[in-house]
Amino acid sequence: MKITELLSKDSILLGAAPKDKEEAINILVDLMEKGGKLKDKEGYKQGVLEREASGTTGIGEGIAIPHAKVAAVKHPGLSSITVPEGVDYASLDGEPSKLFFMIAAPAEGGDVHIEVLQRLSMLLMNESFRNDLLNAKDIDTYLDIIDKAEREKFAEEYAEEKPVATSSSGYDVLAVTACPTGIAHTFMAAENLATKGKEKGISIKVETNGSGGAKNVLTTEEIKNAKCIIVAADKKVEMTRFHGKKVIVTKVADGIHKADELLDRAMAGDAPIFHAEGGATEEQAAEKGKGLHTVYVDLMNGVSNMLPFVIGGGILIALAFLFDNYEMNPANFGSNTPFAAFLKQVGDGSFAFMLPVLAGFIASSIGDRPALAVGFVGGYLAKEGGSGFLGALAAGFIAGYLILGLKKVFDKLPQSLEGIKPVLLYPLCGIFLIGAIIIFLINPPVGALNTALFHGLNSMGSSSRVLLGIVLAGMMSIDMGGPINKAAYVFGTASITEGNYEMMAAVMIGGMVPPLAIALATTFFKNKFTESERKSGIVNYIMGLSFITEGAIPFAASDPLHVIPACAIGAAVSGGLSMFFNCTLMAPHGGLFVLPVIGNSIMYLVSLIIGSVVGTLLLGILKKPVTQK
């Protein structure tokens, strides 16, 4: 829908002088009513104010675009004012706002307000266009300026951003822009990057991850041929496809305000090589959304959001035992002294959120925001009902797909009921159904399975436990951050919730050995590594001690047949020794920084050293000197 079709002469005021934000909104609402777009002026104004309460619509660069989609609107419309002196509108960049466009959209009018926001945002990023509007002498000239800009920008009336320039071999630079709402800033950043690229003679294509989904999507061939990729985003975007490419990751605001700098960096190659988890190829990335890859992404969304609760809570609980006096009351160990009791209470509080958060964010990864509450409730019921980690895992996936099913069912309802779906229908039906499923179908069998596993692990003999430690630690070194690594890590964190702390100790030590072994090998077997590898090897001392296994990925990628077996065997040795010495860990991260709270910490350190040395010696034996490569 064209801007000039929504904006009438009666809805424009040039040279306005509101004293504050409230008066600016009042002027715009009056103009909207004068244009005949409203059936309830006060109802519409209330909608605008409610939207402002959730976040300012002063988007920076002297622009404000207040808007509301409410039943008080009769027809879609725009009103506009210019404020040459500017007015404080609480803009994101802190600058006064001078150009105002207010959008009115009927509640049942689809997403007209989003379309108009996108079009306005793209036009208003042109500085000369803004200046022309501010200097317009009359309303007719004002409308002519807008009409001319629209005709140039949207000549073929398409919704996608067009590539600015191309070449026979593809594009010099690719970019992805995304903001949390996927409306204004996404398209402002895209427009600015494209415009600056054209000015600099750089061929560039920009993918926009807006509220309507990804537009102008980058192809595998384009990614392959590009010199660099700029990701200007404030929300999660698909990154796996950029594995092995130079990628600049920054805020969406930098795409708006620092496009020149970003493009110069991209053309100069001033960017790190991006390594996707597990070293996924472009072909694998193209399969996103299919099969096990989707399950893995959804699971990792839950695990990554759960970890802060586990790490913070786990370390505090471990500190409670460290600072407590066992002899005062063995049955109350961890809460005997006031300070220990405080640490234990806070740590337990953090732990209480772990399973609901896991389930909630798995669900939201599948079914978006409406699934979040349903997943939280499912995770809580699994926790309270005894099915624990496995039950919460199931609750997350069930809740996510449950909401997808409800969305299809409720799509058949009248458009007038669209507004009550997220606030009433999804939470009411979703929470009721997930409650019934978890309580009656999941908790009984999974709870029994958990009990059997708990007793089985506790009844394991010494040799069986050592074997389990060898397997878990070895898995951490197979793909170093990939699915196998994550499977072992998730098992370790799940064991914490059941009170089996030895498994997490073996998992963490298995993740620390690969970078440490590589760091030691680059120090003592210099002839087996290039000069650049020896320099980066030093960093692996820090990464290994911090439990960041991914530091070993570049070395494994360059020589997988020799590096992976050496690291895996070293890690397995450490994991087996950790189990043999009954080392325990209540926090699923931290590396040596949490050594004081590791059970039998001295032998844990000994186990780490032995495994790292084994891995180092194997690297020295297996790898060929650089001159023989």
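Predicted model, so just to flag it, every value in this text is computed and none were measured. All residue numbers refer to positions in the sequence shown, counting from 1.
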Taking the side chain from Lys383 and the backbone from Gly378, do they hold a donor-acceptor pair closer than 3.5 Å?
no
CD/Glu199: more than 12 non-hydrogen atoms of other groups inside 6.0 Å
yes
Taking the side chain as C-beta and beyond, is there a heavy-atom pair between Lys69 and Arg51 under 4.5 Å?
no
Strictly by modelled atom types, are Asn26 and Lys45 linked by a side-chain donor-acceptor pair under 3.5 Å?
yes
I need the Ile223 CD1 to Leu218 CG distance, nearest 0.5 Å.
5.5 Å
Surrounding CG of Asp10 (heavy atoms of other residues, nucleotides or ligands, distance under 6.0 Å), is the total greater than 12?
yes
Tyr142 and Phe101 aromatic ring geometry - parallel, tilted or perpendicular at 30°/60° bounds
parallel
Axial cation check for Tyr89 ring with Lys21, 6.0 Å and 45° limits
yes
Using modelled atom types only, decide if a donor and an acceptor are shared between the side chain of Ser387 and the backbone of Val446 within a distance under 3.5 Å.
no
Whether Glu61 and Arg130 form a salt bridge (side-chain N of Lys/Arg under 4.0 Å from carboxylate O of Asp/Glu) is what I want to check.
yes
Please confirm whether the backbone N or O of Ala226 pairs with a side-chain atom of Lys245, one donor and one acceptor, at under 3.5 Å?
yes
Return yes when atom CD of Glu23 has more than 12 non-hydrogen atoms of other residues, nucleotides or ligands closer than 6.0 Å, and no otherwise.
yes
So do the side chains of Asp30 and Lys41 get within less than 4.5 Å of each other, counting heavy atoms only?
yes
Any salt bridge linking Asp147 with Arg151? Criterion: basic side-chain nitrogen under 4.0 Å from a carboxylate oxygen.
yes
Tell me, with the steps shown, if Tyr380 and Phe376 meet side chain to side chain contact (heavy atoms under 4.5 Å, CB included).
CA-CA 6 Å; Tyr380 173 80; Phe376 265 103; over 6 Å; no
What are the two closest heavy atoms between Gly47 and Val70, and how far apart are they?
CA-CG1, 4.0 Å
Walk me through it: do Asn209 and Thr177 pass the test side chain to side chain contact (heavy atoms under 4.5 Å, CB included)?
CA-CA 6 Å; Asn209 281 218; Thr177 62; over 6 Å; no
Stepwise side chain to side chain contact (heavy atoms under 4.5 Å, CB included) test for Asp411 and Val409:
CA-CA 5 Å; Asp411 272 347; Val409 171; over 6 Å; no
If the threshold is 4.0 Å, N to carboxylate O, is there a salt bridge linking Lys9 and Asp140?
yes
Would you call Lys200 and Asp264 a salt bridge, using N to O less than 4.0 angstrom?
yes
Could you please spell out the steps behind the side chain to side chain contact (heavy atoms under 4.5 Å, CB included) verdict for Ile25 and Phe100?
CA-CA 9 Å; Ile25 290 175; Phe100 291 79; over 6 Å; no
Roughly how far, to the nearest 0.5 Å, is the OG1 atom of Thr219 from the OH atom of Tyr171?
8.5 Å
Mark yes when over 12 heavy atoms from residues, nucleotides or ligands other than Lys39 sit less than 6.0 Å from its NZ; otherwise mark no.
yes
Can you confirm whether more than 12 heavy atoms, excluding those of Lys407, are under 6.0 Å from its NZ atom?
yes
Any side-chain heavy atom of Lys98 sitting closer than 4.5 Å to one from Thr82?
no
Can you measure from CG (Leu134) to CG (Leu14) and round to the nearest 0.5 angstrom?
9.5 Å
With heavy-atom distances below 4.5 Å as the criterion, would you say the side chains of Cys429 and Leu406 are in contact?
yes
How far apart are the closest heavy atoms of Lys205 and Val217, and which atoms are they?
NZ-O, 3.1 Å
Donor-acceptor pair, Glu85 side chain versus Ala17 backbone, under 3.5 Å?
no
Do Ile362 and Leu393 have side-chain heavy atoms sitting under 4.5 Å apart?
yes
Look only at the side chain of Thr56 and the backbone of Gly58, and say whether a donor-acceptor pair between them is shorter than 3.5 Å.
yes
Any Lys/Arg nitrogen of Arg241 or Glu207 sitting under 4.0 Å from an Asp/Glu carboxylate oxygen of the other?
yes
Going by distance alone, is a donor N or O of one side chain under 3.5 Å from an acceptor N or O of the other, for Glu222 and Thr220?
no
Scan side-chain atoms only and decide if Asn192 and Thr195 contain a donor-acceptor pair under the 3.5 Å cut-off.
no
Within the structure provided, determine whether Phe129 and Ile145 are in side-chain contact (heavy-atom separation under 4.5 Å).
yes
Looking only at atom types and distance, does a side-chain atom of His75 sit under 3.5 Å from a main-chain N or O of Val73, one as donor and one as acceptor?
no
Spatial distance of atom CZ (Phe274) from atom SG (Cys228) [nearest 0.5 Å]:
13.0 Å
Using only atom types and a distance under 3.5 Å, with no angle test, would you say the side chain of Ser8 pairs donor to acceptor with the backbone of Gly35?
no
Quick check: does any side chain N or O of Asn305 sit under 3.5 Å from a backbone N or O of Phe361, one acting as donor and the other as acceptor?
no
Can you confirm whether Leu143 sits close enough to Thr141 that some side-chain heavy atom of one is under 4.5 Å from a side-chain heavy atom of the other?
no
Are Phe309 and Phe353, when compared by the centres of their aromatic rings, separated by less than 6.0 Å?
yes
Work out which heavy atom in Leu381 is nearest to a heavy atom in Gly435; give both atom names and the distance.
CD1-CA, 3.6 Å
Is a side-chain donor or acceptor of Ser79 paired with a backbone partner of Leu28 at a separation under 3.5 angstrom?
yes
Intermediate values then yes/no, side-chain hydrogen bond (donor to acceptor under 3.5 Å, both in side chains), Ser128 and Asn131:
CA-CA 5 Å; Ser128 63; Asn131 290 335; over 6 Å; no
On a heavy-atom basis, the closest approach of Ile434 and Ala399 is CD1-N, 3.9 Å
Closest contact, heavy atoms only, Leu31 versus Ser80:
CD1-O, 3.8 Å
To the nearest 0.5 Å, tell me how far Ile442 CD1 sits from Ile398 CD1.
4.0 Å
Show the nearest heavy-atom pair for residues Ala190 and Val206, with the distance to one decimal.
CB-CG1, 3.5 Å
Do the side chains of Val176 and Ile230 get nearer than 4.5 Å, heavy atoms only?
no
Under 3.5 Å, side chain of Lys421 to main-chain N/O of Tyr426, donor-acceptor pair present?
no
Drop me the distance from Leu263's CG to Ile204's CD1, to the nearest 0.5 angstrom.
5.0 Å
